[in-house]
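Accompanying notes for the structure given below.
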Amino acid sequence: MIDLSNVSKTFTLHNQGSAVIEVLNDVSLTVSSGECVALTGASGAGKSTLMRMIYGNYRAQSGAIRVGGVDLVQSEPREIIQIRREVLGYVSQFLRVVPRVPTLDVVAEPLRAVGVGSDEARTRAKELLAQLNIPERLWSLSPTTFSGGEQQRVNIARGFAHPYPAMLLDEPTASLDAANREVVLSLIEEAKARGAAIIGIFHDEAARTRVCDREIDVSRFTPGMSSSSEAIGQYNESAA
Amino acid sequence: MTPLLSVHDITKRYGAHIGCADVSFDLYPGEVMGIVGESGSGKSTLLNCMAGHLRPDAGSVVFDTRGHGPRDTVTMSEPERRMLSRTDWAFVHQHARDGLRMGVSAGGNVGERLMAVGARHYGEIRSKAVDWLDRVEIDAGRVDDRPTTFSGGMQQRLQIARNLVTGPRLVFMDEPTGGLDVSVQARLLDLLRGLVRDMGLSAIIVTHDLAVVRLLADRLMVMKDGHVVENGLTDQVLDDPQHAYTQLLVSSVLQV
């Protein structure tokens with residue numbers, strides 16, 4: 001379902017003396033339907049960078065990244081948007097939403113985007129929000145003012161609304177209490193059971209052991225294990 | 001799928017100075033493209049060449065018309081082009097007063113565009129105008145007021161209503177949120193985002209505001225000195241900029 005062959009990534013910082021930072025070199029990996037694979041490696045090994053590349057958010061210098069048979073490295077923006085809408089879900093660490101949109105609509109939006117009717121999409125959104133213990137009185141409000149943990153749960157509800165055949169999960173259980181962590185892990189298990197191919201980053205070792213079928217240590221793709229790569233990723237994210 | 005708009009090697013010079021040079025791209029139905037760059041980068045020149053306001057020195061702008069399929073709008077006759085800009089095209093100016101008739105009532109501004117495409121029944125025109133004022137969040141009680149009595153944000157929303165009332169397929173926008181308060185901007189962006197999606201519009205948005213393109217645009221083109229230096233998926237260009245100029249642009253944004 002997700003298939004990477006000979007993928008490499010360098011960042012060239014033109015305005016900082018044209019420094020070239022090699023982050024990942026010659027990554028090849030395959031994740032099949034119904035399988036959950038954990039990316040491991042020390043901070044800065046390039047786990048998040050790799051995940052962002054699979055989502056088409058970072059550009060690969062070489063190689064092929066195939067999701068559902070489509071090579072995202074060679075695809076046009078509209079093709080990547082279609083893959084993201086229908087095939088590939090991504091639960092990032094931070095919720096990024098349009099101001100003024102109510103939580104219920106934020107969660108229902110991925111379903112609306114694939115043509116599910118308004119009532120059906122909202123019903124599913126309500127189920128997920130209830131399951132993740134977001135109080136009903138908050139559903140009509142924009143999540144921008146919610147606490148960090150609440151935002152993360154809204155993000156997860158949104159990520160699991162549409163049954164994507166492939167999913168990327170960046171620390172889905174970080175900063176959740178035991179009850180909500182349990183809900184998220186069962187959502188992941190349900191997704192696996194329906195055949196989703198999942199790649200995740202889990203610093204929570206118990207969670208990793210429970211839901212993941214195998215681990216891939218990203219640092220073996222990291223040339224000289226450059227410790228600055230993580231910082232570059234964050235720099236780009238915050239600057240935008 | 002046939003592109004809605006196919007731009008090929010558009011070049012516009014002002015004497016020895018280059019406005020824009022060799023710009024080519026295809027825009028597909030439902031796609032929203034942002035064009036960013038600093039002032040003088042050629043983004044407005046390009047927009048005006050595409051929208052038929054300026055005649056490019058070279059190149060073609062092929063639009064997939066409803067009646068006759070793909071046609072080059074640069075070489076079509078002036079009346080044909082004018083008809084396009086009243087029906088399938090819309091143009092939202094940075095300054096609402098450039099796109100509105102300031103001496104005519106709000107309802108008249110919206111109705112005028114309907115009449116230009118043949119609407120004659122007063123009651124229908126008026127009810128459609130009121131419906132559109134409502135969609136852009138202008139109180140129906142203001143339908144007979146002139147835009148001179150409106151705030152900047154309301155004028156901009158009125159301009160959008162006037163443009164969209166005829167159900168265009170392609171909207172050109174030149175700095176649509178420029179000069180508005182941030183709170184007004186957010187409301188306008190929210191409105192535009194909803195309209196673009198509900199109506200399945202294609203749009204080309206020129207702006208220098210990266211937050212605007214992140215919110216509205218599927219894809220992004222970065223211009224410098226009249227040339228396109230980078231283009232791609234919006235979040236990819238903003239989060240992993242490849243060209244030196246784009247890196248500078250992205251890293252220059254102040255964080256709130």
Side-chain angles (χ1 to χ4, degrees), chain A residues 9-21 23 48-49 51-61 65 72-85 90 92 94 96-102 105 109 112-113 115 118 142 144 229 232-240, chain B residues 1 3-4 25-34 36 137 182-183 185-194 197-198 202 210-221 229-256:
Chain A
K9 176 68 190 164
T10 56
F11 288 107
T12 307
L13 306 178
H14 294 286
N15 302 302
Q16 295 179 47
S18 294
V20 176
I21 298 162
V23 185
S48 292
T49 296
M51 207 169 251
R52 282 164 169 262
M53 288 168 76
I54 300 170
Y55 198 58
N57 180 230
Y58 283 0
R59 192 172 280 200
Q61 262 64 40
I65 300 174
L72 296 180
V73 178
Q74 304 294 336
S75 293
E76 294 290 323
R78 66 196 160 90
E79 295 165 323
I80 297 176
I81 287 170
Q82 189 186 355
I83 291 284
R84 287 179 178 182
R85 191 170 52 225
Y90 176 40
S92 63
F94 303 100
R96 180 178 245 151
V97 294
V98 180
R100 300 210 312 168
V101 177
D105 293 340
E109 203 262 346
R112 300 283 292 132
S118 173
S142 163
T144 42
S229 52
I232 301 303
Q234 282 167 5
Y235 152 83
N236 280 317
E237 181 179 56
S238 56
Chain B
M1 189 161 46
L4 184 66
F25 67 89
D26 288 333
L27 186 78
Y28 286 83
E31 263 190 321
V32 177
M33 186 172 87
V36 296
E137 303 172 18
V182 276
S183 59
Q185 269 190 25
R187 195 163 163 209
L188 188 72
L189 286 173
D190 197 15
L191 173 77
L192 280 173
R193 198 170 176 275
R197 193 169 23 168
D198 296 346
S202 302
L210 300 183
V212 169
V213 289
R214 181 169 305 259
L215 205 58
L216 287 180
D218 303 317
R219 52 190 278 216
L220 189 58
M221 200 155 89
V229 295
E230 183 163 355
N231 70 78
L233 195 67
T234 301
D235 61 274
Q236 185 262 302
V237 174
L238 294 179
D239 292 340
D240 185 19
Q242 307 291 309
H243 190 273
Y245 176 69
T246 317
Q247 291 185 357
L248 184 68
L249 202 66
V250 168
S251 65
S252 302
V253 176
L254 294 174
Q255 290 178 44
V256 181

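Naming convention: chains lettered A, B, ... in sequence-line order (proteins, then strands); numbering from 1 in each chain. We use all heavy atoms of the structure for the numbers below, so side chains are in, but hydrogens, waters and symmetry mates are not.
- A:Phe11 is listed as a side-chain neighbour of B:Asp240, based on a closest heavy-atom distance under 4.5 Å.
- With a 4.5 angstrom heavy-atom cutoff, A:Arg112 does not touch chain B via any of its atoms.
- Considering only heavy atoms from C-beta on, A:Arg84 comes within 4.5 Å of A:Asn57 through its side chain.
- Between chain B and the options A:Thr12, A:Asn15, A:Val101, the largest number of non-hydrogen pairs under 4.5 Å is found for A:Asn15.
- Side-chain contact between B:Gln242 and B:Gln236 is present, with at least one heavy-atom pair separated by less than 4.5 Å.
- Of the atoms belonging to B:Met33, not a single heavy atom falls under 4.5 Å from chain A.
- In summary, of the residues considered (B:Asn231, B:Val229, B:Val213), a side chain to side chain contact (heavy atoms under 4.5 Å, CB included) with B:Met221 occurs for B:Asn231 alone.
- If you measure heavy-atom distances from A:Glu79 to chain B, you find no contacts under 4.5 Å at all.
- Contact tally against chain A (heavy-atom pairs below 4.5 Å) for B:Leu248, B:Val237, B:Leu249, B:Leu189: the top residue is B:Leu248.
- In terms of modelled atom types and a separation under 3.5 Å, the side chain of B:Asp218 and the main chain of B:Val32 share a donor-acceptor contact.
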